[in-house]
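Heads up, the thing below is written out as structure tokens.
For ligands, and for the atoms within them, numbers begin at 1 and follow the listed sequence.
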Amino acid sequence: MDFDAKEILARNGIEHLAAQKGPLQVRTPIDGRVLANLDVATAQHTEMAIQNSVKAFKEWRTVPAPRRGELIRLLGEELRASKAALGELVSLETGKILQEGLGEVQEMIDICDFAVGLSRQLYGLTIASERPNHRMMETWHPMGPCLVVTAFNFPVAVWAWNAALALVCGNSVIWKPSEKTPLSAAAVQQIFERTCARFGTAPAALSQLVQGERERGEQLVRDSRVPLISATGSTRMGREIAKVASERFARTILELGGNNAGIVCPSADLSLVVRAVAFAAMGTAGQRCTTLRRLIVHSSVYDKVVSEVKKVYEQVRIGSPLDSASMIGPLIDKGAYSSMVKALSAAKEDGGRVFGGERVYAELPDAYYVKPAIVEMKKQTDIVCHETFAPILYVLKYDTVEEAIALNNDVPQGLSSSLFTTDMREMELFLSAAGSDCGIANVNIGPSGAEIGGAFGGEKETGGGRESGSDSWKAYMRRATNTINFGKDLPLAQGIEFGV
Ligand code: NAD
């Protein structure tokens with residue numbers, strides 16, 4: 001586990017942060033060494049951030065949207081130039097392999113490109129009026145400061161998904177990153193500030209960073225000057241935010257936990273299944289919201305699929321995420337490891353047969369590397385219905401496709417799902433109203449690794465929010481319906497006569 005953490009911080013221009021003596025201790029999951037003790041925002045700093053964000057919003061909302069898009073175009077350019085360094089920092093701070101760290105930065109670049117185009121496409125409708133000499137139309141307006149709360153596992157991409165859209169839509173942004181990944185956030189904030197300097201006329205404090213534990217997030221969620229909250233993280237967090245936000249009727253975009261299944265049908269192309277399962281279940285050490293957690297296999301191919309998948313699991317290379325040979329890095333921390341151990345023992349109690357799951361590199365006491373686990377289950381018990389944020393793949397058997405779809409849907413979460421088949425009827429059923437109840441339903445690819453062009457998010461305990469592509473931008477704006485009378489009479493809607 002040989003690497004120079006200082007060099008990685010320096011390549012991102014944040015080496016000075018290592019000298020701080022604040023209360024937020026940041027460790028790399030690679031070997032558990034301390035990277036920095038960061039200063040955090042106080043309640044007063046956060047109050048100032050809100051005030052400044054309101055000010056920035058009032059200026060930014062009057063800037064034409066295509067000009068706002070120009071800022072995001074420049075941000076995309078800066079991110080392209082910083083991709084290698086930032087990808088490495090993400091890898092250092094989260095433990096995801098370098099390929100995935102770079103992929104995360106690419107996702108930021110992709111959403112910038114999308115948002116630049118969007119800045120010229122914030123369309124409203126023109127609607128036929130029932131009244132003579134009247135015209136109806138919809139206009140879309142920015143909302144105000146947009147709070148973006150992010151999770152540790154996508155420490156930079158989720159900010160970009162939100163910020164790129166929020167900013168072209170004319171909002172200001174306040175970012176509360178995960179307390180586990182504040183360095184990646186600090187590096188991105190610097191890139192954003194550099195972009196603003198190049199742009200020249202962006203208001204000060206257009207997008208700000210509020211570092212700290214969850215109470216900073218709570219303060220921002222309570223504040224009625226923040227009309228829009230986009231929060232990514234656990235269902236527990238989403239439940240807390242939803243309660244507070246609904247009290248004050250704030251708009252929320254919630255992106256919470258997933259418990260994603262893949263159904264393998266008798267006609268599936270098995271070589272494709274095995275490769276898809278490998279990435280979807282083991283990638284990011286099982287720490288993606290869209291990680292494949294349940295494999296539902298037809299009884300006719302069950303033994304073959306399970307034995308092929310086990311072979312791949314045996315060959316997978318676990319090691320430092322900065323080493324290009326590694327396919328799986330460490331879990332984020334001890335808490336994640338304990339959850340995995342607990343889940344495996346609960347699964348065993350429920351009759352599950354466990355393959356893998358052991359800790360490796362135990363000579364590193366503060367790093368938590370594990371062999372990914374496969375657990376064959378007779379039934380979808382409580383533990384299978386729970387999202388354990390670790391590489392555990394539960395395998396279940398089915399006999400009819402209806403039964404498989406019922407298992408897919410019979411969990412509290414509704415983020416992503418996939419079906420492997422070459423049978424058109426099964427595919428269409430899975431994608432129909434009687435099929436998968438998730439926000440994402442794929443065929444012949446795994447449930448993870450979404451492209452930014454589509455709307456991203458899920459149903460039920462996943463929170464119902466949509467981010468990224470398609471028409472997700474509408475969540476970042478308020479809609480006004482306008483009726484214009486260009487005649488000399490005042491006809492009332494519904495033909496109402498009012499005698500004055
Ligand atoms: P977490 O819920 O512990 O923390 C996420 C963020 O929320 C952090 O910034 C934290 O400080 C903040 N927070 C926590 N409680 C809060 C509160 N009451 N008010 C305001 N802010 C609060 O999640 P995590 O462990 O960092 O991330 C893993 C979870 O995130 C998993 O459940 C995963 O599925 C989910 N996730 C979902 C998506 C998605 O798009 N659906 C994407 C990534 C991660």
- Query: Is it the case that E100 and S91 place a side-chain donor and acceptor less than 3.5 Å from each other?
  - Reply: no
- Note on the structure: The option among R466, E179, K180 carrying the non-hydrogen atom nearest to atom 11 (O) of ligand 1 is E179
- Query: Side chain, backbone, both or neither: which part of A231 has a heavy atom under 4.0 Å from ligand 1?
  - Reply: neither
- Query: Which is closest to atom 28 (C) of ligand 1 in terms of heavy atoms, F456, W175, F389?
  - Reply: F389
- Contact region, V149 to ligand 1, non-hydrogen atoms below 4.0 Å, reads side chain
- A student checking ligand 1 against E218 at a 4.0 Å heavy-atom cut-off should list atoms 17 (C), 18 (N), 19 (N), 20 (C)
- Which heavy atom of R251 sits nearest a heavy atom of Y476, and at what distance? NH1-N, 4.1 Å
- Message: Below 3.5 Å, N or O to N or O, backbone or side chain included: is there any such pair between A151 and ligand 1?
- Response: no
- Relative to the heavy atoms of P177, which atoms of ligand 1 are at a distance of less than 4.0 Å? 9 (O)
- Task: Tell me yes or no: between the side chains of W175 and Q189, is some donor less than 3.5 Å from an acceptor?
- Result: no
- Task: Considering only non-hydrogen protein atoms, determine which one is nearest to atom 2 (O) of ligand 1 and report residue, atom name and distance to 0.1 Å.
- Result: S234 OG, 2.6 Å
- Query: To the nearest 0.1 Å, how far is atom 35 (C) of ligand 1 from its closest protein heavy atom, and which atom is that?
  - Reply: G233 O, 3.2 Å
- Task: Tell me which protein heavy atom sits closest to atom 5 (C) of ligand 1, plus the residue, atom name and distance to 0.1 Å.
- Result: T232 O, 3.7 Å
- Which residue holds the protein heavy atom closest to atom 6 (C) of ligand 1, what is that atom called, and what is the gap in Å? T150 O, 3.3 Å
- Shortest protein contact, atom 3 (O) of ligand 1 (heavy atom only): R236 NH2, 4.0 Å
- Is R466 salt-bridged to E255, going by a charged N under 4.0 Å from an acidic O? no
- Query: When you look for heavy atoms under 4.0 Å from ligand 1, do you find them on the side chain of L256, its backbone, both, or neither?
  - Reply: backbone
- Task: Pick one of side chain, backbone, both or neither for how E240 approaches ligand 1, counting any non-hydrogen atom pair under 4.0 Å.
- Result: side chain
- Task: Can you see which heavy atom on N12 is nearest to which on A85, and at what distance?
- Result: ND2-O, 3.0 Å
- Counting heavy atoms under 4.0 Å, the part of E387 that contacts ligand 1 is side chain
- Close-contact set for ligand 1 against G217 heavy atoms, below 4.0 Å: 20 (C), 21 (N)
- Note on the structure: For P29 and A367, the nearest pair of non-hydrogen atoms, with its separation, is O-CB, 3.5 Å
- Pairwise distance CG(L118) to CZ(R68) - rounded to 0.5 angstrom: 10.0 Å
- Note on the structure: Tightest non-hydrogen contact, residues Y313 and V316, listed as O-CG1, 3.3 Å
- Query: Considering only heavy atoms, which of C289, S468, G335 lies nearest to atom 36 (N) of ligand 1?
  - Reply: C289
- Is the Lys NZ or Arg CZ of K96 less than 6.0 Å from the centre of F154's six-membered ring, within 45° of the axis? yes
- Query: Can you check whether T462 has an N/O within less than 3.5 Å of an N/O in ligand 1?
  - Reply: no
- Note on the structure: Rounded to the nearest 0.5 angstrom, the CG-CD1 distance for L419 and I263 is 5.5 Å
- Query: Which one of R194, R11, Q190 satisfies the side chain to side chain donor-acceptor pair (under 3.5 Å) criterion with S82?
  - Reply: R194
- Does G457 come within less than 4.0 Å of ligand 1, judged by its heavy atoms? no
- Query: Looking only at protein heavy atoms, which one is nearest to atom 22 (C) of ligand 1, and how far off is it?
  - Reply: M237 CG, 3.7 Å
- What residue and atom, counting heavy atoms only, is the protein's closest point to atom 24 (P) of ligand 1, and at what distance? F152 CD2, 3.7 Å
- Region of N153 engaging ligand 1 - heavy atom pairs below 4.0 Å: side chain
- Could you tell me the separation between the OG1 atom of T28 and the CG atom of D366, rounded to the nearest 0.5 Å? 11.0 Å
- Query: How close do N409 and G435 get, heavy atom to heavy atom, and via which atoms?
  - Reply: ND2-O, 3.0 Å
